[in-house]
Amino acid sequence: MSLNIILMGVQGAGKGEQARFIQEKYGIPQVSTGDLFRAMKTRTDALAQRIQAIMAAGNLIDDDTTNAVVEERLAQPDAKNGVLLDGYPRTPAQAAWLDAHLASKGSKINSVLLLEIDLYTAFKRSFGRVSSDTSKRSYNIYYNAEGIDWSFEDHADGQHPPRLKATHRESGEALRRRPDDASAHAIIKRIDTFVETTQPLIDYYRSRGLVTRIYADQPIEVVTMAIQYAIDAHK
Ligand code: AMP
């Protein structure tokens with residue numbers, strides 16, 4: 001019997017960490033449509049180029065294309081026991097297609113996990129995040145700033161918002177922000193889009209009793225335990 005899980009959460013809710021746990025514990029691969037699309041970057045065919053253009057504009061890829069990419073991924077041998085879906089489905093049409101597709105394989109969605117945090121916390125988790133290229137460690141100026149120095153520096157031309165600068169105190173290494181975390185405006189837009197697009201999906205799955213809401217502004221281990229409990233209850 002396969003195990004298919006959907007992991008939902010606004011950026012900054014800690015999905016990455018929890019996805020690693022779920023993959024290891026349940027032996028199912030994480031399937032992220034964003035990653036699948038990004039991996040097509042090096043391809044030069046018309047489909048791949050069209051996808052890059054749509055992503056660059058910050059828009060969603062159309063449902064048929066997205067479903068086709070997911071179908072191909074689900075047919076891979078490592079997905080035979082199920083998958084952890086991340087960033088998919090994003091629309092009711094994708095959710096309906098996924099249901100039909102899984103049903104045709106004698107399978108179904110077992111559990112939908114919604115990692116919830118208040119949106120200002122979500123903003124700060126993304127906006128305050130910096131990391132070291134050498135140690136790969138992440139820090140956050142609001143939550144986890146031990147051992148780092150940080151400040152906001154006015155932009156030279158005065159036309160742009162101040163820039164966040166952070167360095168590792170001991171080594172002096174300049175810490176980096178993810179490019180998509182560097183603009184407050186872009187973070188807010190992503191949070192807005194998430195709230196708008198996710199709500200109809202939550203309604204869709206809730207009516208079938210599949211949704212577990214997990215408060216994610218708690219220690220990682222507590223969130224992990226809640227996830228494990230929810231998955232095991234729906235297996
Ligand atoms: P993500 O990494 O999940 O934020 O996805 C990055 C980009 O890939 C999105 O902004 C969309 O352009 C595209 N994308 C990812 N997943 C989907 C999806 N389920 N439906 C449509 N577009 C998607």
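Because the structure is predicted, anything quoted here is derived from the model rather than measured. Indexing begins at 1, ligand by ligand and atom by atom, following the structure's order.
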What are the atom names and distances for all N or O pairs under 3.5 Å between ligand 1 and the protein?
| unit_1 | atom_1 | unit_2 | atom_2 | d |
| --- | --- | --- | --- | --- |
| ligand 1 | 2 (O) | Arg38 | NH1 | 3.0 |
| ligand 1 | 2 (O) | Arg38 | NH2 | 2.9 |
| ligand 1 | 3 (O) | Arg90 | NH1 | 3.3 |
| ligand 1 | 3 (O) | Arg90 | NH2 | 3.2 |
| ligand 1 | 4 (O) | Arg90 | NH2 | 3.3 |
| ligand 1 | 5 (O) | Arg90 | NH2 | 3.3 |
| ligand 1 | 12 (O) | Asn59 | O | 2.6 |
| ligand 1 | 16 (N) | Thr33 | OG1 | 2.7 |
| ligand 1 | 16 (N) | Gly87 | O | 3.4 |
| ligand 1 | 16 (N) | Arg90 | NH1 | 3.2 |
| ligand 1 | 19 (N) | Gly87 | O | 2.9 |
| ligand 1 | 19 (N) | Gln94 | OE1 | 3.1 |
| ligand 1 | 20 (N) | Gln94 | NE2 | 2.9 |
| ligand 1 | 22 (N) | Ile61 | N | 3.0 |

Do other residues, nucleotides or ligands put more than 12 heavy atoms under 6.0 Å from Tyr229 OH?
no
Greater than 12 external heavy atoms within 6.0 Å of Arg176's CZ:
no
For Lys235, enumerate each residue passing the salt bridge (Lys or Arg N to Asp or Glu O under 4.0 Å) test, keeping only those at least two apart in sequence or located in another chain.
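For Lys235 the salt bridge (Lys or Arg N to Asp or Glu O under 4.0 Å) partners, ignoring immediate neighbours, are Asp232.
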Counting only N and O atoms by type, is there a donor-acceptor contact under 3.5 Å from the side chain of Asp63 to the main-chain atoms of Ala93?
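No, the answer is negative, given that no donor and acceptor are paired below the 3.5 Å cut-off.
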Verdict with supporting geometry, Arg163 and Asp154, salt bridge (Lys or Arg N to Asp or Glu O under 4.0 Å)
CA-CA 6 Å; Arg163 254 192 304 233; Asp154 281 339; over 6 Å; no
Can a salt bridge be assigned to the pair Asp62 and Arg50 using a cut-off of 4.0 Å between side-chain N and carboxylate O?
yes
